[in-house]
A.B. asks: 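Dropping a structure here in C-alpha cells format, bear with me for questions.
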Amino acid sequence: MVKVCLLDGTVRYVNEGSTILDLASSLSEGLARRAIACKVNGDLKDLSFPLTSQGSQSNSESGQDSRSESDPHVKVEILTLESEGGDGLDVMRHSTSHLMAQAVQNLFPGTRLAIGPVIANGFYYDFDSEHVFVPEDFTAIEEEMKRLTREDLPLRREELSREQALSLFRERGEPYKVELINDLPADVGISVYRQGSFVDLCAGPHVPSTKRLKIFKLQSVAGAYWRGDEKNKMLQRIYGVAFAKESDLTTFLFRLEEAKRRDHRKLGAELDLFSLHEDGPGFPFFHPKGMILRGQLEDFWRREHAKRGYHEIKTPIILSRSLWEQSGHWDHYKNNMYFTEIDDRDFAVKPMNCPGGLLIYKSKIHSYRELPLRYGELGLVHRHELSGVLHGLLRVRNFTQDDAHIFMMPEQVTDEIVGVIELIDYFYKVFGFDYHVELSTRPENSMGSDETWEIAIEALEKALIIKGLDYKINPGDGAFYGPKIDFHVKDSLDRTWQCGTIQLDFQMPEKFDLSYIGEDSEKHRPVMIHRVVYGSLERFIALLIEHYAGAFPTWLAPLQVRVLPISDRHHNYAADVVSRLREADIRAEVDSRREKINYKIREAQTEKIPFSLIIGDREVEENHITVRRYGETESMYTTYQEFVDSENWRMYK
C-alpha cells in the first residue's frame, strides 16, 4: 500500500500502481469529473500517473513535523480549473494549444509544428505553413476544435528514447521537433502526447481527454521568428484564450473591447496629447495639452517630495564612457545604450540617472548629521529598444524617470525603505490604483559579494513585513547592483503594470568610493537606495489615459472648463467668465464658433472636458452660469462663485 497525504492533511492508503484518477474517484466522483491534473510531491503530473512507494518521501524531507525520523508518504494535490495558483487552468490552456494545433493540421495538411506554450489567459502555437493564416480562418479552426472535443480523444503520454523520438518526428515531417530533440541534454527523458492521429513533443502534463476543453476563442495571428532569432525563418503564431467558465470568457472579451476603446495611442491622438512619428521611432512628441498633463504630474511630484525632505537635482544626459565603466553599466547594460564621440573621447547617452547623482554626492564632504540625504530627479534617459517591441508610450526609447537616490547610514536603511513604501502607497491611492508587491533577488550577472546581497535582501523583506505587505519573490530578477521591490499597479480593467521600484544598493557607493564622516570623525561607507514612483512619466501617462479612459480628474485635465455661449450676443459675458476662471488659475477657454449649442456640448463631451458652462440670455441677465459635468445629462444652474468653490481645481481630489 502507498500512503498518500492530501493538501488538506487528509491521509489515504491506495494500492501500489493506483493512478491519481483512481485516487480522485475514491474521494469523490464529482472531484474525479472536475480533476484536470495533479501535483505529486510538488511536481505536475497527469491523472494517469501511477502512485508507488518508490515515489514516497519522509516528513523530514517535506518539512513536516513527525515523531519518527522517516514516515514515507506521497504528497498529492489534485488540480481542478478552480485550484489556487492557476495550475489547473494552465494545464487546460496548454492542452488547448495542442487541440488547436491538431485542428490546424487537419484543415491545412502539410503544416509543420514549432512550439505552443501557455501565456496569460491562454496560449499560442507557432506554425510553418504554406497557407497564410488570416482572422477569417479562425471560425473554421474553432469549429474543428469543437468537433475534436466531441470526439473525446484521450491525451496519452508515451516515454520514448532519443532515437525513437527522432525517428517518429522525422517520419511525420516535423523538422522543428527534431531540432528541439537534438538540443535536449542527453540525460533528459523524452515524452510525447497523442490524441487521435495527432502527436506532439511535450513534457506535459495534460488533461485526460479533449472533452475537457470547451471554452476557448482564437484571438489573433502574428509573425514570429523561430526561437526568436531574426536569422531564422518567420513562422505564423496564432493566439488563443481559454477559460474555466463561459462567463469568464465573456468578461475577458468585454475587457478586451474596452481596452481597445481605452487604448492610449488612440485616445492620445483624439485628445491631442501626444503623437508618434517615423522620423523618431520610440521618441514621443508631446503636444500642448499633453504638456499640461505632464506638468500637473511633475508639480504633484515636486510638492510631495519637498514635503518629505527631498532635494531636486538635474544631471547631464551625456557622460563619459569611463563613468559608465566605473558604474558597471558598460559591462552589464551596454547593449541598451547609445554612444557618441566628442573631442576624440567616447561618451554615452545615459540609460539611468544614478551615476550623475553619485557624482553630485561625491562633490563635497558629508557628515553623518546630513544623512539620510535624498536627491530627486526628473531625469530624461535613453535606452535602445528593438523596433518590434515599441508600443506607444508604454515602450519607448527615451523617457523621464522620476528618480530619487537616497544616501544613508546602514542603521537608517529600514526606516528609509519604509518611508519610500509609504510615499509610493500615497501616490497610488491618489490616482485610484490598487497594487501588489514583488521582491526580486540576485541575478546571474550581478556585482558584489554574497554577504552584501543577503543583507540587502533581508533589509527589503524587513521593511515589507513592517508595513504588513504580502509579496511574491522573483528569484534572480533583481538589478545587477542590488535586489529590488517592484510595485505592480492594477488599473480599472484589472490589468497590472510594473511602475514603482525600490532598489537597495551596496555596490555603487563602493565603486565610487563614497563616504561620510561619522560621529567618530572617521570615514564610513553610505548605503544607497534607487527608487521611482511613477517609474517612467511617459508610461505612467499611458496608464492614466487608459485607466481613466481619457476622462481625467479635474486637477489633471489639460482643459478643465469650456464656456459655451449660445449666440453672438452672449460672447462678452462668456469671455468675462473665462477671464475670471483664468485669474483663478483654472484652465478654461471659450467656444465662440457659430455652431448650435447641442453640437458644442456633444463636442465638449467627446473631448472629455470636465465642465461645460452654457451661457444664454438668462445667464447673462442674472449673472449666473449653467454647468454640465462630463458624463452627466443633467445641468446645474448656479453662480460663478458657487461653481468655483465647489471643485478642487489645482489639487487632486
Side-chain angles (χ1 to χ4, degrees), residues 4 6-8 10 12 19-49 51 75-103 116-125 141-142 145-157 193 195 198 200 202-219 238-256 436 472 490 493-496:
V4 175
L6 300 173
L7 187 64
D8 62 359
T10 303
R12 289 284 188 274
T19 67
I20 300 295
L21 187 56
D22 294 333
L23 172 64
S25 298
S26 71
L27 295 170
S28 160
E29 286 301 321
L31 176 61
R33 286 193 300 271
R34 292 184 294 111
I36 290 293
C38 66
K39 283 185 177 179
V40 178
N41 295 331
D43 296 327
L44 283 167
K45 300 291 183 183
D46 297 303
L47 292 178
S48 59
F49 182 79
L51 292 164
K75 292 176 64 176
V76 173
E77 178 185 356
I78 297 172
L79 300 174
T80 68
L81 294 179
E82 293 76 33
S83 294
E84 287 188 15
D87 288 324
L89 271 173
D90 283 349
V91 170
M92 180 270 287
R93 286 166 174 159
H94 191 186
S95 298
T96 309
S97 79
H98 281 222
L99 181 71
M100 179 181 71
Q102 183 179 12
V118 173
I119 56 174
N121 297 311
F123 55 90
Y124 70 75
Y125 215 112
I141 296 172
E142 288 172 354
M145 292 169 70
K146 292 173 184 177
R147 187 188 69 78
L148 293 170
T149 64
R150 292 192 294 270
E151 287 194 8
D152 193 14
L153 302 172
L155 277 77
R156 294 195 173 95
R157 179 187 178 93
Y193 279 80
Q195 56 196 60
F198 179 78
D200 204 352
C202 189
H206 283 283
V207 299
S209 76
T210 56
K211 77 174 181 180
R212 304 294 186 98
L213 311 173
K214 297 178 180 178
I215 302 167
F216 49 79
K217 187 168 184 60
L218 303 188
Q219 289 287 292
I238 298 179
Y239 290 92
V241 293
F243 292 92
K245 297 180 291 186
E246 190 70 43
S247 59
D248 293 338
L249 175 60
T250 300
T251 299
F252 174 82
L253 294 176
F254 168 77
R255 286 179 175 165
L256 199 64
H436 74 268
K472 169 188 171 185
K490 183 166 71 172
L493 294 180
D494 285 337
R495 300 171 301 180
T496 57

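Positions are given from 1 along the sequence.
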A.B. asks: For the CG atom of Leu51 and the SG atom of Cys38, what is their distance to the nearest 0.5 Å?
C.D. replies: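 It comes to 7.5 Å.
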A.B. asks: So, for Leu81 and Gly88, which heavy atoms are closest and what is the spacing to 0.1 Å?
C.D. replies: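 What the structure gives for the nearest pair is CD2-O, 3.9 Å.
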A.B. asks: Hey, are the side chains of Val76 and Leu23 touching, using non-hydrogen atoms and a 4.5 Å cut-off?
C.D. replies: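 SC-SC contact between Val76 and Leu23 confirmed.
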A.B. asks: If every non-hydrogen atom of Met92 is compared with every non-hydrogen atom of Ala242, which pair is closest and at what distance?
C.D. replies: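 Closest pair (atom of Met92, atom of Ala242, distance): SD-CB, 3.7 Å.
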A.B. asks: So, do Arg12 and Leu27 sit near enough that their side-chain heavy atoms are less than 4.5 Å apart?
C.D. replies: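 SC-SC contact between Arg12 and Leu27 confirmed.
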A.B. asks: Would you say that Ser95 contacts Leu155 through its side chain, given a criterion of any heavy-atom pair below 4.5 Å between the two side chains?
C.D. replies: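 Yes; the side chains approach each other to less than 4.5 Å.
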A.B. asks: Quick one, Gln102 and Leu153 - any side-chain contact, counting heavy atoms below 4.5 Å?
C.D. replies: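 Of all side-chain heavy-atom pairs linking Leu153 with Gln102, at least one is under 4.5 Å.
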A.B. asks: Looking at Arg156, I want to see if its CZ is surrounded by more than 12 non-hydrogen atoms of other residues, nucleotides or ligands under 6.0 Å.
C.D. replies: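 No.
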A.B. asks: Is it true that the side chains of Asp8 and Thr10 contain a donor and an acceptor less than 3.5 Å apart?
C.D. replies: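 Yes, because at least one side-chain N or O of Asp8 sits under 3.5 Å from a partner of the opposite role on Thr10.
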A.B. asks: Given side chain to side chain contact (heavy atoms under 4.5 Å, CB included), test Leu31 with Thr80 step by step and report yes or no.
C.D. replies: CA-CA 8 Å; Leu31 176 61; Thr80 68; 4.1 Å; yes
A.B. asks: Got a donor-acceptor contact below 3.5 angstrom from the Thr210 side chain to the Leu148 backbone?
C.D. replies: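 Present.
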A.B. asks: Surrounding CZ of Arg147 (heavy atoms of other residues, nucleotides or ligands, distance under 6.0 Å), is the total greater than 12?
C.D. replies: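 Buried by this count: over 12 neighbours within 6.0 Å.
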A.B. asks: Could you measure the distance from the CG atom of Leu79 to the CD1 atom of Ile36? Nearest 0.5 Å is fine.
C.D. replies: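 Going from CG on Leu79 over to CD1 on Ile36, the span is 9.0 Å.
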A.B. asks: Using the rule given for side chain to side chain contact (heavy atoms under 4.5 Å, CB included), can you reason through Leu249 versus Phe216, listing the C-alpha separation, both sets of side-chain angles and the distance that settles it, and then say yes or no?
C.D. replies: CA-CA 8 Å; Leu249 175 60; Phe216 49 79; over 6 Å; no
A.B. asks: Return the minimal non-hydrogen interatomic distance between Ala32 and Leu21, and the atom names on each side.
C.D. replies: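 Closest pair (atom of Ala32, atom of Leu21, distance): O-CD1, 4.0 Å.
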A.B. asks: Which atoms form the tightest heavy-atom contact between Tyr125 and Gly116, and what is the distance?
C.D. replies: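 That closest heavy-atom pairing would be CD1-CA, 3.4 Å.
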A.B. asks: Does any part of the side chain of Arg34, heavy atoms only, come nearer than 4.5 Å to the side chain of Glu82, both counted from C-beta?
C.D. replies: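 Yes; the side chains approach each other to less than 4.5 Å.
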A.B. asks: Taking C-beta and beyond as the side chain, do Pro117 and Phe123 meet within less than 4.5 Å on heavy atoms?
C.D. replies: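 Side-chain contact under 4.5 Å: no.
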A.B. asks: What is the distance from atom OG of Ser209 to atom CD of Gln195, rounded to the nearest 0.5 Å?
C.D. replies: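 One finds 10.0 Å between OG of Ser209 and CD of Gln195.
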A.B. asks: Might you work through the side chain to side chain contact (heavy atoms under 4.5 Å, CB included) test for Lys490 and His436, ending with a clear yes or no?
C.D. replies: CA-CA 8 Å; Lys490 183 166 71 172; His436 74 268; over 6 Å; no
A.B. asks: May I ask you to test the Thr251-Phe243 pair for a side-chain heavy-atom distance under 4.5 Å?
C.D. replies: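 Heavy-atom side-chain distance check fails, nothing below 4.5 Å.
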A.B. asks: Evaluate the side chain to side chain contact (heavy atoms under 4.5 Å, CB included) criterion for residues Leu44 and Asp90: first the C-alpha distance (whole Å), next the side-chain angles of each, then the deciding distance (0.1 Å), finally the verdict.
C.D. replies: CA-CA 11 Å; Leu44 283 167; Asp90 283 349; over 6 Å; no
A.B. asks: I need the single residue from His206, Arg157, His94 that forms a side chain to side chain donor-acceptor pair (under 3.5 Å) with Tyr193. Which is it?
C.D. replies: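 With Tyr193 as partner, His206, Arg157, His94 yield a single side chain to side chain donor-acceptor pair (under 3.5 Å), made by Arg157.
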A.B. asks: For Ser83 and Ile78, work out which heavy atoms get closest and say how close.
C.D. replies: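 Heavy-atom minimum between the residues: OG-O, 4.0 Å.
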A.B. asks: Would you tell me whether Thr19 and Asp22 have side-chain atoms, one donor and one acceptor, within less than 3.5 Å of each other?
C.D. replies: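 Yes - a donor-acceptor pair under 3.5 Å links their side chains.
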A.B. asks: Say you draw a straight line from NZ of Lys214 to OG1 of Thr149; how long is it, rounded to the nearest 0.5 Å?
C.D. replies: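 Those atoms lie 8.0 Å apart.
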A.B. asks: Working to the nearest 0.5 angstrom, can you tell me the gap between Lys217 NZ and Leu253 CG?
C.D. replies: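 It comes to 6.5 Å.
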A.B. asks: Any side-chain heavy-atom pair from Val241 and Gln219 closer than 4.5 angstrom?
C.D. replies: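 Yes; the side chains approach each other to less than 4.5 Å.
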A.B. asks: Hey, is the main chain of Arg33 close enough, under 3.5 Å, to the side chain of Arg212 for a donor-acceptor pair?
C.D. replies: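 At least one qualifying donor-acceptor pair exists.
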A.B. asks: Atom CE in Met145, atom CG in Leu218: separation rounded to 0.5 Å?
C.D. replies: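 Result: 5.5 Å between the selected atoms.
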